[in-house]
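Take a look at the structure below.
Just so you know, ligand 1 is whichever comes first in the structure, and atom 1 is the first atom listed for that ligand.
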Amino acid sequence: MNRLLKISALESAYGAVQVLFGVDMVVDKSEIVSIIGPNGAGKSTVIKSVIGLVDVRAGTISFEGNNITGIATHRAAAIGIGYVPQGRIVFSQLSVTENLELGAFLQKDSQLRDHAVEAVFDQFPRLKERHKQAAGNLSGGEQQMLAIGRALMMQPKLVILDEPSLGLSPKFVDLIYDKLLELKSQGLTLLMVEQNAARALELSDRGYALELGCNRYTGTGQELLVNEEVRKMYLGGS
Ligand SMILES: Nc1ncnc2c1ncn2[C@@H]1O[C@H](COP(=O)(O)OP(=O)(O)O)[C@@H](O)[C@H]1O
Ligand SMILES: [Mg+2]
């Protein structure tokens, strides 16, 4: 079975305010899947629902064929779902290494934790060079690498990223996207939300355009990229 994540008829709410109205999505192994759509469409809410940060009111979410609807957030990390929140959130007073270690707080074996840190340093040599520095002193792009590295600490099967390129300089956007493709080639599966929709679709196996908490368009990244209406509505025309 190639299916890693399946979201069916998902309805989610913040208290009394319902935001998703029956969203469907699938993510297969080793795919990059992008969720695009205007501000407020519910993109972040979909991924927050997967990791238990939002109340799911109806519908189901399954991961590797197991129903994980309403999972506790720390359990999501334990079963192999890594999460990179929007805004490259790092603990700015803590060192690079300490930030990474926090990504494996569930791992009690310190030797395994050290191995995981080394593996992240292999992926991101830049973080290794700066491992003693306070995370707050890193550039925006380096902080995003650190946030991604932290999500890799538990050897996830799926990494979910919320707006990984937001606010980064073009050079770092290139770097982060290259890294995402590299992670995919290593067998990792990625689900991301992106404002930078054209860029995201270019490297996506599958894309979902959301509107007002519902599915609007679904297709391969290429299909969405060349779709006239998608271009007009989500990719700034032309
Ligand atoms: N914590 C929250 N409490 C109440 N409403 C929220 C909260 N977070 C998001 N919303 C609302 O949910 C809707 C979808 O938000 P979100 O999923 O963040 O959209 P997107 O990521 O597509 O920009 C928006 O109308 C937003 O105002
Ligand atoms: Mg969002």
For Gly37 and Ala41, the nearest pair of non-hydrogen atoms, with its separation, is C-CB, 4.4 Å
Between Leu138 and Gln143 the two heavy atoms that sit nearest each other are O-NE2, 3.2 Å
query = Would Glu31 and Lys184 pass as an ion pair if we require N to O under 4.0 Å?
reply = no
Does at least one non-hydrogen atom of Val17 fall below 4.0 angstrom from an atom of ligand 1?
-> no
Under 4.0 Å, counting heavy atoms only: does Gly37 come that close to any atom of ligand 1?
no
Without swapping roles, check the side chain of Thr69 against the backbone of Ile61 for a donor-acceptor pair under 3.5 Å.
yes
Margin query: When you measure from the side chain of Lys179 to the backbone of Gln123, do you find a donor-acceptor pair of N or O atoms at a distance under 3.5 Å?
Written below: yes
Check your understanding: Are Val26 and Ile68 grouped together when hydrophobic residues (ILVMFWY) are joined by side-chain heavy atoms under 4.5 angstrom apart?
Key -> yes
Among all protein heavy atoms, pick out the one at the shortest distance from [atom]; state its residue, atom name and that distance to 0.1 Å.
| atom | value |
| --- | --- |
| atom 5 (N) of ligand 1 | Tyr14 CD1, 3.5 Å |
| atom 23 (O) of ligand 1 | Gly40 N, 2.8 Å |
| atom 17 (O) of ligand 1 | Thr45 OG1, 2.5 Å |

What are the atoms of ligand 1, with element, lying closer than 4.0 Å to any heavy atom of [X]?
| X | value |
| --- | --- |
| Pro38 | 22 (O) |
| Asn39 | 23 (O) |
| Gly42 | 14 (C), 16 (P), 17 (O), 19 (O), 20 (P), 22 (O) |

The side-chain contact (heavy atoms from CB on, under 4.5 Å) partner of Leu102 among Leu94, Thr97, Val90 is Leu94
- Determine if the distance from atom 9 (C) of ligand 1 to the closest protein heavy atom is below 4.0 Å. yes
Are there protein heavy-atom neighbours of atom 15 (O) of ligand 1 below 4.0 Å? yes
Inset, instruction - Examine Ser44 against ligand 1 and note whether any of their N/O atoms are separated by less than 3.5 Å. - result: yes
Got an N, O or S from Thr45 under 2.8 Å of the Mg ion (ligand 2)?
-> no
Looking only at the side chains, is there a donor atom on one of Thr45 and Tyr14 sitting less than 3.5 Å from an acceptor on the other? yes
* Asked: Is there a donor in the side chain of Ser44 and an acceptor in the side chain of Asp162, or the other way round, less than 3.5 Å apart?
  -> yes
Short version for Val19: what comes under 4.0 Å of ligand 1, heavy atoms counted, is side chain
